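Step one of this worksheet: look at the structure below.
Chain naming here is simple, since letters A, B, ... match the order of the sequence lines and numbering starts at 1 in each. Both backbone and side-chain heavy atoms feed into the values below; hydrogens, waters and symmetry mates do not. Everything numeric in this text was worked out from a predicted model, so none of it was measured.
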Amino acid sequence: MLPELFFGYFAAVIILLSVIVITRRNPVHSVMWMLLLFFHIAGLYLFLNAEFIAAIQVIVYAGAILVLFLFVLLLLNLREELKVKRFVGAWPAGLFITTAILVIVLGAVKSFVPGPAGKYSIEFIKQETHTKALGKLLYTDYLFPFEIASLVLLVAIIGAIVLAKRKTRSK
Amino acid sequence: MSDILNILITEETLNMLMKIGIIFLKIAVVLGITLLHVAYATYWERKVIGHMQVRLGPIEVGWHGFLQPIADGVKLFFKEDIIPANADKPLFYLAPVIFMVSALTSLSVLPFFDGFVIADINIGLLFLFAMSSLGAYGIILSGWASNSKYSFLGGLRSASQVISYEIAMGLSLVGVMMMAGSLNLSDIVRAQHQYPTGMFAIPQFLGFFVFIVAAFAETNRLPFDLPEAESELVAGYFTEYSGFRFALFFLGEYTAMLIMSSIAALCFLGGWTIPKFITDAMPLLMNVPGIVWFLIKVYAFMFFYYWVRATLPRYRYDQLMAIGWKILIPLALFNIVLTGTLRTMGVL
Amino acid sequence: MVPLNWYLMLSAVVFMIGVFGFLTRRNIIIMFMSIELMLNAVNISLVAFSHYLQDMRGQILVIFIITVAAAEAAIGLAIIIALFRNKDTVHVDEMNEMKG
Amino acid sequence: MSNYLLIPFLPLAAFLINILFGRKYLKENSHWVSILAVAGSWIVTVATLFDVLAGRVINEDLYSWIVSGEFKVSVGFLIDQLTAVMLIVVTTCSTLIHIYSVGYMHGDKGYYRFFAYLSLFTFCMLMLVMANNFLQLYFGWEGVGLCSYFLIGYYFDKKSASDAGKKAFIVNRFGDFGFGLGIIMIFLTFGTIYYEPVFSQAKGFASQTINFLGYDVHLMTLIALLLFCGSIGKSAQMPLHVWLPDAMEGPTPVSALIHAATMVTAGVFLVARCSPIFSLSETALMIVALTGAITSLFAATIGLVQNDIKRIIAYSTISQLGYMFLAAGVGAYTAGMFHLYTHAFFKALLFLCAGSVMHAMSGELDLQKMGGLKKYMPVTYWTMLFASLSIAGVPGFAGFFSKDEILWLAYSGSSPVGKFVWVIGTVVAFLTAFYSFRLIFLTFHGKFRGTHEQEHHLHESPKAMTIPLVILCIGAVASGWVGIPHLLGGGAHFTEFLKPVLGHPEAHGTHAEEWMVMAISIIAGFSGIGLAALFYLVKTDIPVMLTQKFNAAYKILWNKYYVDELYSFIIVRPAIWTAKNILIGITDARIIEAVVNGVPKGIGEFSRILRKVQTGLLQHYAAIMALGVLIIVAMMLLR
């Protein structure tokens, strides 16, 4: 009973916050609602015994990505944003497409059959601690993708600097 | 009615309620003690700096001005709460709360002495990072929502400063994590107790150095108090705040200092333990409760904060960023590589 | 025990809200946030799968998704800044230079 | 022994270096690269010649070039006696002419380009003669043709030069078309295009016929004649000779190297190389002999009246090439090769001397404006005199031995047309002596007839030019001595050397007859010289009187039998008319233009409709993508 309630609360809040995030007129408010949304998602991760993921959800998403959004919003002057239309003219079409896909996907979820369970049972993770289990896997089987991810980040750093740097006028 | 109650109130739920009650009690105790400490931290700061500058500091209210913090609190509480007309009101209200809450929440994972911690979670250190990164929101929002030049510039400066030094701080603690093999703060303290030197500050002296500098910058303290450089920005991001909301920022800052001191004590100075070689030499010290050692270490670190404030001049903004990105982060990375290498070689 | 399907449905709903936001909002930053929303929706389902199938791979994937999301946000926001400098707008429907 | 590879590839390297770095870096030093390369080739060639003299023959593949089903070709090299002779001729002439060019081309703006092309030409020519299969031969064949085109049109800003280049290229197409067909026929017949298997199997096909357009054609005759088509084009025989006189528009060293000593003799080399095939067909040999004889006579008669110094030598070249074909046609391949070999020296020398004269005369070519140059340029005079003595067949000089051998073998050989071509050959010998000395007398003797300014400018050429002249002069005098016939107490070494490859025809004649033939040819030569001396030294009014008396004949000769006009009437003008009226007017304007303009117009219209889809709005694309997802998911669900 309690887990269901718990989940119900989180799910309801997450959905509500998602809607709020995409409908706010003021992007800064959107960001703040999104911050709250990320905390709830992190809570959901804790509920799913993924404490490390929950932590990086907060650190990376809330602590880095959203702050970046906020920074960009502050750098851009968006005063007139509060006076203009929020949605494109054809938003009902978007709503229709989205609802149609949603209905079909929700229909499809019913027929989902889970595959066989792996070795990472709740007890196993508890005993080993979640971070350690994840780290062992990440640095052995997934070492190569991990290295690629680091390269992606490097490219992103350099790319962001190059893109956002104000062009110095060449003589 | 009673049927429903019977269903709800079972052995299990009672147990759970008990646990929740204990947690609330712990929270109350920690909050009370911390806030008291924060209040007197301001008093001690004025006193220490006063004496360092050969003056007396607060002296009128109570014995040697001992009641000064209380008087200050009362004054702030009853001051008029001014809100700028063009401010974004919801965010203006929210900003100091976020700032304060993010500071206070960090307290929940700090073990004050063996076994006394509100939430003994496995990722305690990560939780601290997460919360400290949240503080940036309070700063940015207060700067933006005030709709004032000084606030806005102060907010931007502070946010970029906090974000930049967060990386250095996080990296400086990676060495500790590698030494202890855990992210749980209690485990880290226990690991230090097992370690021959008794505290990680000795093998991790590089990390400790980076951590100290980053901690000063994280809490916007001198010599890195650029966001609130009076001569340039009036009071920085909280220029427009007054009264109770100002008090929240003020408290938040000192809470953050206290937390930084605690982290330093826990991760580098051995927390509530003292090195084994000392207890071996003087077995009598075994009887001293851990909280005492812990508080001594925290106070020492706080004193260091005051000392630096009284001694060092303020850096320029570009120097600040240069120190963060070009010195501290490479140093921390080098420390990680060094620690890893030495660990695999079995030296550390 | 909460069934796995609930998580999947939650994930689908959040994802579709993100899609809707992406399709209909004019502000490019909100569109970006919609993308983050979609990524988070996927993360929810991945962590749920990971938990229910007792397999860590889902969470590994989440780590990579967060990495890519961070990279994407950095690059995307840099592009937005460059765009704003040139066009002085963040409204997507005012940017149709690529019109055929 | 494998250093023989250096022979062709040194010049290739020189070409690459010059063409890549010549313009910017080497500039006036370009010649060093080319000369060193070709001199290196010459040294290796001499070494190789000694190997061949010692009896070693190389025939090996370097690497696989084309493999397509049954058709396999390698880049391969065959170095036998025949190749060795050609190698010596090519590298020697090439080296000397490279050196000569340093002086001749001095200060030209395309200096590096000139040497690059010369090196490329040398490379192609060497690949041609060293090939061990027909395709590589063809590669070299076309390569030298290309270089010839480049170098004839070297002064491309002069219209006559670029026209001459085009003419050479186009006329050669006719011959090469036949040559290509011949190679295809060889592949169809033998299933391979390597020399060795082809020649060894050729006997087996001797009597085979092939049905062609309803006629039974003797297979070997067909192949031989198709190959001979190529020879006609490249060696400027009737009726494809028209390009060679015009080719004199190129720089004189080019005329000497390409259009006298080496490239044009490739046709003779081809006939000699394919002698096993030609020998199997009496008809083909007869045609070769008659073509050679008639061309020889024809060109010699034209040469009598021309006034352009280089053109006279050009016609002389055509005539002498005809002589070589005449020899090949009567089965005396060795004699043909011998003449090729001696001719290379004295003809190259003649051209270089002409170039030297031109150099002194500031580019003047007209004999009428020269005269009395002897005292100004003694080296040129003496060398050119020796060359002329050689070509006129004066005993003791190189040309005498080779010409005499040809005439003797024509007379005594078993060819049905042998006596006929002997008569023509003797007449040509007389004519050759006449026009050669007409050239000498008009140029070097008498009084100077040019402008005063030209006279003032007259001087001997620089050392870089005269030294090659002297060396070539030695060749023009002495090169024949390796082939002194048995009759005169010599060893006929040249013939003996080539016998393993080319064989040697039986001579059906007595010593008396041989003496007789030799005497007649000597008389013909001396009477030609004497007549020329009479006409142009003693009684200079006779030629004028003759031209007036036989005006019609003179006109025909002066206009080169109107061959160019005939071609212009039969081929050029109809072709231009067709191009103008049908190809441009109808095909191009109505059909191709319609298609070319219509297709893009249609695409443009279609795109105009299609691009409506490209709104440039991000969200439209996203919406369409989402719609696609919707459709795919729906399809998967409903499946």
Side-chain angles (χ1 to χ4, degrees), chain A residues 3-4 7 11 14-15 18-19 21-22 27 30 34 41 44-45 48-50 53 56 60-61 64-65 68-69 72-73 75-76 81 85-88 91 94-95 97-98 101-102 105-106 109-110 112 114-115 117-121 133-134 137-138 142 145 149 152-153 156-157 159-160 163-164, chain C residues 1-2 4-10 12-14 16-21 23-27 29-30 32-34 36-37 40 43-44 47-48 50-57 59-60 62-64 66-75 77-82 84-85 90-93:
Chain A
E4 279 85 346
F7 176 81
I14 286 172
I15 291 170
S18 311
V19 173
V21 163
I22 63 154
S30 270
M34 199 158 195
I41 291 175
L44 208 56
Y45 291 161
L48 289 166
N49 273 336
I53 302 288
I56 61 167
V60 178
Y61 264 122
I65 297 179
L68 203 58
F69 271 100
V72 171
L73 283 171
L75 286 177
L76 311 179
E81 179 70 23
K85 271 195 308 169
R86 269 175 281 182
F87 294 101
V88 293
W91 66 268
L95 185 62
I97 294 172
T98 333
I101 302 178
L102 183 60
V105 171
L106 287 182
V109 164
K110 282 212 178 93
F112 173 75
K119 68 166 185 171
Y120 290 92
S121 62
L134 204 60
L137 208 57
L138 197 58
Y142 294 91
V152 168
L153 280 176
I157 291 169
L163 281 169
Chain C
M1 191 66 179
V2 182
L4 175 57
N5 282 357
W6 291 19
Y7 284 100
L8 298 185
M9 287 180 182
L10 170 67
V13 171
V14 174
M16 282 307 152
I17 290 170
V19 172
F20 176 74
L23 289 184
T24 57
R25 281 302 296 245
R26 298 173 67 217
N27 190 322
I29 297 175
I30 305 276
F32 248 96
M33 286 163 66
S34 302
E36 300 295 339
L37 212 55
N40 269 286
N43 284 357
I44 291 174
V47 174
S50 173
H51 180 70
Y52 282 89
L53 300 180
Q54 302 186 349
D55 192 328
M56 275 303 207
R57 274 181 288 179
Q59 297 183 25
I60 299 276
V62 169
I63 291 176
F64 290 137
I66 291 176
T67 311
V68 170
E72 174 241 324
I75 295 284
L77 290 170
I79 290 173
I80 288 173
I81 288 179
F84 185 79
R85 271 187 204 138
V90 287
H91 291 151
V92 168
D93 52 356

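Both the backbone and the side chain of V19(A) come within contact range of chain C, judged by heavy atoms closer than 4.5 Å. For F64(C), the part lying under 4.5 angstrom from a heavy atom of chain A is the side chain only. Looking at I44(C), the atoms closer than 4.5 Å to chain A (heavy atoms on both sides) sit in the backbone and in the side chain alike. Neither the backbone nor the side chain of A64(A) comes within less than 4.5 Å of any heavy atom in chain C. At a 4.5 Å heavy-atom cutoff, the contact between V47(C) and chain A is made by backbone and side-chain atoms alike. Of the atoms belonging to F7(A), it is side-chain heavy atoms, and not backbone ones, that fall under 4.5 Å from chain C.
Looking at every heavy atom in both residues, K85(A) comes nearest to R26(C) through O-NH1, 2.9 Å. When all heavy atoms of A74(C) and A160(A) are compared, the closest pair comes out as O-CB, 3.9 Å. Contact detail for V60(A) and A70(C): the closest heavy-atom pair is CG1-CB, 4.4 Å. Smallest separation of non-hydrogen atoms from A12(C) and L106(A): CB-CD2, 4.2 Å.
Side-chain contact between I22(A) and M33(C) is absent, with no heavy-atom pair separated by less than 4.5 Å. Considering only heavy atoms from C-beta on, N40(C) stays 4.5 Å or farther from I14(A) through its side chain. Put simply, the side chain of L163(A) does not reach to within 4.5 Å of the side chain of I81(C), judged on heavy atoms. The closest side-chain heavy-atom distance from Y142(A) to I63(C) is not below 4.5 Å. Residues I101(A) and V19(C) fail the side-chain proximity criterion, which asks for heavy atoms closer than 4.5 Å.
Comparing V14(C), L4(C), L37(C), I80(C) by how many heavy-atom pairs each has under 4.5 Å with chain A, the most go to L37(C). Taking chain A as the reference chain and counting heavy-atom pairs below 4.5 Å, the highest number among L8(C), N5(C), V92(C) is found for N5(C). Ranked by heavy-atom pairs shorter than 4.5 Å toward chain A, the options Y7(C), W6(C), F32(C) are led by Y7(C). For the set V105(A), I97(A), V152(A), L44(A), the count of heavy-atom pairs under 4.5 angstrom toward chain C peaks at L44(A). When I41(A), L134(A), L153(A), L138(A) are compared by the number of non-hydrogen pairs under 4.5 Å with chain C, L134(A) comes out ahead. Per-residue heavy-atom pair counts under 4.5 Å with chain A were compared for N43(C), I60(C), D55(C), I30(C), and the maximum is reached by I60(C). Of the listed residues (I79(C), L23(C), V68(C), I75(C)), the one with the most heavy-atom contacts under 4.5 Å to chain A is I75(C).
For the atom pair I65(A) CD1 and L77(C) CG, the distance stands at 9.5 Å (nearest 0.5 Å). To the nearest 0.5 angstrom, I66(C) atom CD1 is 6.0 Å from Y61(A) atom OH. Atom CG in L48(A) sits 8.5 Å away from atom CD in Q59(C) (nearest 0.5 Å). With rounding to the nearest 0.5 angstrom, the CG atom of L95(A) is 12.0 Å from the CE atom of M16(C).
Using cut-offs of 30° and 60° on the angle between ring planes, the pair W91(A) and F20(C) is perpendicular.
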